[in-house]
Each structure stands twice: as C-alpha cells, then as structure tokens.
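As a basis for the values below, the full set of heavy atoms in this structure was taken, side chains included, without hydrogen atoms, waters or symmetry mates.
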Amino acid sequence: MPPGKVLQPVLKMKVDELFLCWLSESSTQAMLQDCLQRIKMPGRPERGGGDAGQPGPPLAAAAPAPACKPRGFDGLGVPSPAPASTALPLGATSSARSGPPVRGPRRSAGTRVVQTKEQPPPPAPSQSVPAFYFPRGRPRDSVDVDAVIAKIERTFAQFPHERAALDDMGRVAKACGCPLYWKGPLFCGAGGERTGSVSVHKFVAMWRKVLQNCHDDAAKFVHLLMNPGCNYLVQEDFVPFLQDVVNTHPGLAFLKEASEFHSRYITTVIQRIFYTVNRSWSGRITCAELRRSSFLQNVALLEEEADINQLTEYFSYEHFYVIYCKFWELDTDHDLLIDAQDLARHNDHAISTKMIERIFSGAVTRGKKVQKEGKISYADFVWFLISEEDKKTPTSIEYWFRCMDLDGDGALSMYELEYFYEEQCRRLDSMAIEALPFEDCLCQMLDLVKPQNEGRITLHDLKACRLAHVFFDTFFNVEKYLDHEQKEQVSLLRESESEGPELSDWERYAAEEYDILVAEEAVGEPWEDGYEAELSPVDQKLSVLRSPLAQRPFFETPSGLGAVDLYECGCGDDDLQPL
C-alpha cells in the first residue's frame with residue numbers, strides 16, 4: 001500500500017472477515033490453546049529454541065501469535081515461507097528477548113499446524129442410540145435356527161434321495177413354519193425351477209441364510225421371489241407363485257382344462273396386487289410396502305378358504321371374470337389391446353372424451369405402446385376399471401388426480417377444472433339438461449373439498465374430504481354425476497362414513513355385474529361377435545366344469561388367442577418402467 005493511503009473500508013471489512021474465518025478454524029483454536037497452556041506453565045521448556053531450563057515466554061510475548069495469515073490468503077498468490085522449526089507451532093518462536101514484534105504479511109498456517117500440532121483428543125462418546133430402523137424386520141431372539149433346520153431335515157428324509165419336488169413342498173413349507181402356499185416361492189428360492197427338485201443340503205443352506213438375514217414374513221417373501229441383487233419385487237416375480245396357486249388351489253380346479261386362461265387370471269391378480277400394495281407407483285414392491293399391506297394375510301387365507309371367490313381383495317375368480325368380460329366387449333378385434341375409441345364405449349360413453357385422452361397420454365399407464373400405437377393393454381384396463389368403479393380408495397384418487405393434473409404441478413387449478421367441466425356442460429345440454437354455470441359448480445366443489453390453499457386443490461385435500469368420488473364424477477362422468485345430483489349431500493356423507501363389513505364400491509359393482517353375466521348365460525343370449533358357432537365344440541368339452549368359465553362362449557376363444565402369454569397381456573419389460 002502506498003504511504004499515506006488510508007485502507008478502504010470495504011477492503012478492511014474483507015480483511016476482518018478473513019481474519020475471523022481463520023480464527024474460527026479448529027486448527028487455529030487448537031494452536032492458540034496450546035500457546036495459552038505453555039504461557040500458564042512457566043516451568044515448561046520451549047520445544048523449538050532456548051535453553052532446556054528456560055521458562056516460557058511471558059504473556060506480552062504472545063502478541064505476535066496472531067501474525068499467522070488466514071488460510072484464505074493463499075489463493076491471493078502470497079508465498080508462504082518455509083517453517084523455521086517443525087516442533088513449535090507457528091508464531092510461538094518469538095520471545096521477550098527477540099525485540100519488538102514486526103507485523104509481516106499474513107500467511108496460511110493450516111498445513112504447518114497439521115504437521116506440527118497433535119490432534120485434539122476426541123470428544124467424549126455420547127450415549128448410544130438403540131437401533132430403530134429394521135428394513136428386513138426386527139430381529140427376534142426366540143427363533144431357534146438349529147431346531148428349525150433339524151425339522152426340515154427330518155421332512156426331507158421322507159422323500160426319495162432326500163430331494164423334494166414341487167408337489168412335496170407343502171410339507172416343507174409347514175416344517176419351515178410358513179403358510180402352505182409359500183411352497184412355490186420356497187421351491188423357486190432354492191433353485192428348484194431349474195432342476196425340477198431341491199436337495200436337502202441346498203434347501204437348508206438357503207433357508208438358514210433367510211432366517212439369519214430376514215426377520216419377518218415380508219422380508220422372507222421378498223427374498224424368496226426377488227431377482228439376485230434386488231431388494232424388491234417386479235411383476236414377473238409373482239408368476240411362479242401364482243401359477244402354483246392356479247395349479248393347486250381347489251377353488252380354481254376348473255381352470256386346469258382351460259390353460260389358455262391361466263395367464264389372463266395371473267395378469268389380473270398381479271395388477272390387483274400392484275394396484276393395492278405398490279403405493280409408490282414405482283412398479284417395484286418393497287418389503288416396507290408389503291409389510292403395510294394385507295397381501296401376506298390373504299396368502300395365508302388361501303390355505304383356509306376353499307372358495308377362492310371369498311378372497312375378494314386379490315384372488316377372486318369372479319372379479320377376474322367381470323374384468324375380462326368387460327375388456328372383451330371393448331376389444332372388438334380381440335388382440336388384447338384397445339384404443340381410445342374402444343375405451344370410450346365403456347359404460348355407454350359415460351366418460352368424457354377429454355378424460356379418455358388423458359388416460360392415453362401416459363399419465364397413468366406403463367410402457368411405450370400407448371405413446372407409439374395409441375393403445376393400452378389388458379393390464380392397464382384392470383387399473384382403469386377398478387379406479388372407475390371405486391373412486392374412494394387411495395390408489396383410485398391418485399389415478400384420477402394424475403389424469404386431471406394437466407401440467408403435473410401437483411395441484412388442480414381452476415383452469416384445469418374448467419377444462420374438464422366444459423365437455424360435461426355440452427353433454428348435459430345434448431341431453432336437454434340444464435348444467436350449472438362453472439362458477440356455481442366451482443363453489444360447490446370448493447365447499448365439498450375444503451382445500452387448504454385457496455384456488456388450488458391438492459391430492460391431500462381430495463384424500464381428506466371423503467367425497468372424492470363425487471368430485472371426480474362431476475368433471476368427467478356424466479352418468480354418475482347425475483346419480484349424485486339425485487342424492488342429498490347428507491346421504492352421501494352417511495355412505496362415506498359408514499363403518500363395518502360393508503362392501504366396497506368395487507366389490508358391489510363386481511357382484512352385480514357377475515350376477516348379470518350369469519343371468520345372461522341362463523337365458524342363453526347369443527354373443528354378437530360371431531364366435532359362438534365356431535367355439536361350440538370347446539363349450540361341450542368344458543360343460544362338465546362347475547364354473548361360468550365353462551359355460552360362457554365368451555371364454556372359448558380361437559387357439560391363436562390362447563397362445564398369448566402373460567407378457568403380451570401387459571407385463572412386458574416396457575410395462576415395468578416407473579411412472
């Protein structure tokens with residue numbers, strides 16, 4: 001700095017800031033504490049110079065200690081001179097006899113301090129916090145692994161050559177303490193699908209590892225079915241388990257002679273599992289999601305309930321029958337794909353065209369076929385139909401919210417509501433019904449939902465209002481909108497608040513539609529697709545089965561269609577991409 005020039009305030013502030021930064025560093029504070037300790041102990045000899053018995057420098061001699069430059073000054077290009085001694089921290093070599101201190105340029109002492117100063121002692125250990133996160137279940141001390149293994153070995157001793165086939169895995173599952181229909185996952189987990197049987201040594205090694213690493217049923221089930229290196233389940237992982245259910249459950253015995261429909265039933269069950277369990281919409285079921293669901297409880301009920309139709313949440317054949325019949329009616333060319341025109345015919349064109357377009361936009365569908373060809377698969381239709389007939393479940397609310405959220409900002413604006421309501425007004429006018437102005441309808445919906453933020457409706461608002469089904473039907477389903485208009489809001493609230501074992505909207509719809517389909521079979525109504533005459537020999541072959549599947553010509557499709565496997569029904573690789 002030229003003589004006589006005063007330091008500018010801004011530069012002075014920066015120098016002060018750098019000095020404080022250097023002063024706040026742990027290495028600087030450790031160095032100063034060391035200097036202070038040597039000052040307080042005059043009998044302690046200096047380590048870098050002077051006689052061995054000479055006391056440390058007086059307090060006044062400690063003034064040059066701040067002469068160390070902040071670490072940030074190294075970046076300005078000022079060279080840092082080599083240290084004179086490696087034993088004494090920077091700034092401690094001067095003493096009272098060395099003359100008046102001369103303030104030189106500040107230098108960074110960070111590297112030198114690290115080399116010369118011992119590390120400060122570690123802080124006192126804090127009180128240990130007990131583990132609270134158990135992704136594979138909370139460990140239990142009560143499990144006697146050796147006793148379980150001994151029981152499994154005794155069970156395998158009853159099989160020829162101590163090898164178990166898939167038919168023998170029921171007894172092995174019981175020896176493991178698992179429900180009966182875990183036999184398929186146990187067989188696959190031990191590699192039985194590759195060799196056709198499982199040896200006792202391979203199974204014991206596999207199950208011992210499971211018991212040591214997985215501490216609850218959810219973790220064990222995922223471990224048995226997942227691919228190597230994964231910690232989640234995708235759609236294909238459920239195929240061996242469900243195929244075993246189809247082959248061995250007494251409630252599905254009639255399907256043995258209709259093998260071409262195994263993949264249809266399996267696809268339906270898989271989509272219902274992911275619809276209910278996969279709350280993250282990722283296409284991957286984790287241990288935590290499986291643990292929070294009722295799926296494993298339903299798997300255990302498969303052993304106790306001989307009537308598969310009583311398990312309405314996932315496995316009901318009647319529900320599969322209704323879904324597949326509805327899809328077949330729309331799939332005019334029977335290629336297991338439907339386009340927007342086909343879907344628009346559902347329920348006599350009850351759903352608006354704008355909503356149909358949103359469904360085919362990819363907002364709620366997986367795979368690239370929708371974008372490339374403008375078609376959705378049977379698997380996508382399962383999600384659509386369940387969401388359409390029961391708009392009270394969390395997944396259905398999320399389904400329709402995704403469709404109505406045009407800009408994907410996580411909230412429904414007044415513009416988006418008006419966009420869908422315009423078509424509703426036109427459709428009501430075509431039916432000679434006077435529609436409410438949008439402003440009046442908007443006031444009603446805001447009173448219904450009671451959003452937390454004015455002018456925008458979030459997913460949380462719809463889940464909390466308990467009348468989300470009325471909200472959605474108002475904007476894209478004219479038939480159900482008119483039904484709601486005939487009911488008072490009090491009755492709607494009473495229906496939504498009812499508790500007890502009442503049927504859900506989906507269960508009620510499936511039961512009614514199944515009765516209608518059975519009644520149509522009883523009166524022998526012909527189908528309009530022209531397949532009845534061609535398929536009558538197959539109908540005669542299956543007439544002995546006690547199931548509508550054997551009597552309804554709808555299911556006796558040509559052999560070419562029966563060759564379509566599960567993956568062509570909507571479970572392909574592209575279909576597994578997260579939304």
Side-chain angles (χ1 to χ4, degrees), residues 127-156 164 166 168-193 198-242 244-245 270 273-274 276-280 282-304 311 313-315:
Q127 184 179 4
S128 60
V129 178
F132 58 88
Y133 177 60
F134 303 98
R136 293 179 174 267
R138 182 182 293 273
R140 294 178 296 176
D141 299 333
S142 59
V143 178
D144 190 349
V145 177
D146 294 334
V148 175
I149 296 301
K151 187 175 181 180
I152 293 173
E153 292 175 343
R154 289 194 298 270
T155 303
F156 268 87
L166 181 58
D168 304 321
M169 292 303 295
R171 284 185 285 174
V172 177
K174 289 301 180 180
C176 296
C178 300
L180 174 65
Y181 283 92
W182 281 47
K183 52 191 176 72
L186 288 171
F187 186 74
C188 296
E193 76 282 0
V198 178
S199 66
V200 60
H201 303 292
K202 192 170 185 179
F203 186 87
V204 165
M206 181 274 299
W207 192 243
R208 185 185 295 275
K209 181 179 179 181
V210 170
L211 292 178
Q212 292 174 349
N213 298 322
C214 305
H215 308 290
D216 65 357
D217 289 345
K220 294 175 184 176
F221 192 85
V222 171
H223 182 87
L224 291 173
L225 289 181
M226 69 182 185
N227 289 319
C230 299
N231 58 354
Y232 52 82
L233 298 178
V234 295
Q235 294 186 5
E236 290 97 331
D237 295 337
F238 286 88
V239 174
F241 159 68
L242 292 175
D244 179 63
V245 173
I270 288 177
I273 291 171
F274 275 77
T276 305
V277 179
N278 187 212
R279 302 295 303 117
S280 62
S282 63
R284 300 172 175 180
I285 293 180
T286 62
C287 290
E289 289 179 328
L290 196 65
R291 196 174 290 122
R292 289 191 295 264
S293 71
S294 62
F295 174 71
L296 294 180
Q297 290 84 340
N298 277 264
V299 173
L301 289 175
L302 286 171
E303 178 183 359
E304 304 173 7
L311 306 178
E313 195 167 358
Y314 304 103
F315 302 102

Legend entry - Euclidean distance, T286 OG1 relative to N278 CG, rounded to 0.5 Å: 8.0 Å
Inset, instruction - For residues L180 and G170, report the shortest heavy-atom separation together with the two atoms involved. - result: CD1-CA, 3.7 Å
Legend entry - CA sep, side-chain torsions, deciding dist, call: E313, T276, side chain to side chain donor-acceptor pair (under 3.5 Å): CA-CA 9 Å; E313 195 167 358; T276 305; 5.1 Å; no
Legend entry - Nearest non-hydrogen partners of P240 and C188, listed with the distance: CB-SG, 3.6 Å
Legend entry - Shortest non-hydrogen contact between E289 and R279, atoms and distance: OE2-N, 3.4 Å
Inset, instruction - Report the distance from atom CD of E236 to atom CG of N227, rounding to the nearest 0.5 Å. - result: 8.0 Å
Legend entry - Beyond-backbone contact of R291 with L296, side-chain heavy atoms, under 4.5 angstrom: no
Legend entry - Neighbour count above 12 (heavy atom, 6.0 Å) for K174 NZ: yes
Inset, instruction - Would you sort out whether V239 and I270 count as a side-chain contact (heavy atoms from CB on, under 4.5 Å), showing the intermediate values? - result: CA-CA 8 Å; V239 174; I270 288 177; 4.0 Å; yes
Inset, instruction - List the steps, then state whether side-chain contact (heavy atoms from CB on, under 4.5 Å) holds for F315 with L242. - result: CA-CA 9 Å; F315 302 102; L242 292 175; 3.8 Å; yes
Inset, instruction - Please lay out, stage by stage, how I273 and I285 fare under the test side-chain contact (heavy atoms from CB on, under 4.5 Å). - result: CA-CA 9 Å; I273 291 171; I285 293 180; 3.8 Å; yes
Inset, instruction - Measure the spacing between CZ of R284 and CE of M226 and express it to the nearest 0.5 Å. - result: 13.5 Å
Inset, instruction - Hey, could you give me the SG/CD1 distance between C176 and I152, rounded to the nearest 0.5 Å? - result: 3.5 Å
Inset, instruction - Side-chain contact test, heavy atoms from C-beta onward, threshold under 4.5 Å: evaluate it for V204 versus H201 and give yes or no. - result: no
Legend entry - Residues W207, L186; criterion side-chain contact (heavy atoms from CB on, under 4.5 Å); working and verdict: CA-CA 9 Å; W207 192 243; L186 288 171; 3.5 Å; yes
Legend entry - Straight-line distance of C214 SG to L224 CG, nearest 0.5 Å: 7.5 Å
Inset, instruction - If a pair satisfies salt bridge (charged side-chain N to carboxylate O under 4.0 Å, His left out) and one of its residues is in residues 201-213, list it, with sequence neighbours excluded. - result: D146-R208
Inset, instruction - Measure across A175 and V148 and return the closest heavy-atom pair with its distance rounded to 0.1 Å. - result: O-CG1, 4.3 Å
Legend entry - Matching residue for F241 among F221, F187, W182 - test: ring pair (Phe, Tyr, Trp, His ring centres under 6.0 Å): F221
Inset, instruction - Can you see which heavy atom on G184 is nearest to which on L166, and at what distance? - result: CA-CD1, 4.3 Å
Inset, instruction - Could you list all the salt bridge (charged side-chain N to carboxylate O under 4.0 Å, His left out) pairs where at least one residue sits in residues 176-193, not counting sequence neighbours? - result: K183-D244
Inset, instruction - Could you pull out the closest heavy-atom pair between F274 and G283, with the gap in Å? - result: CE2-O, 3.4 Å
Legend entry - From OH (Y181) to CG (N298), nearest 0.5 Å: 14.0 Å
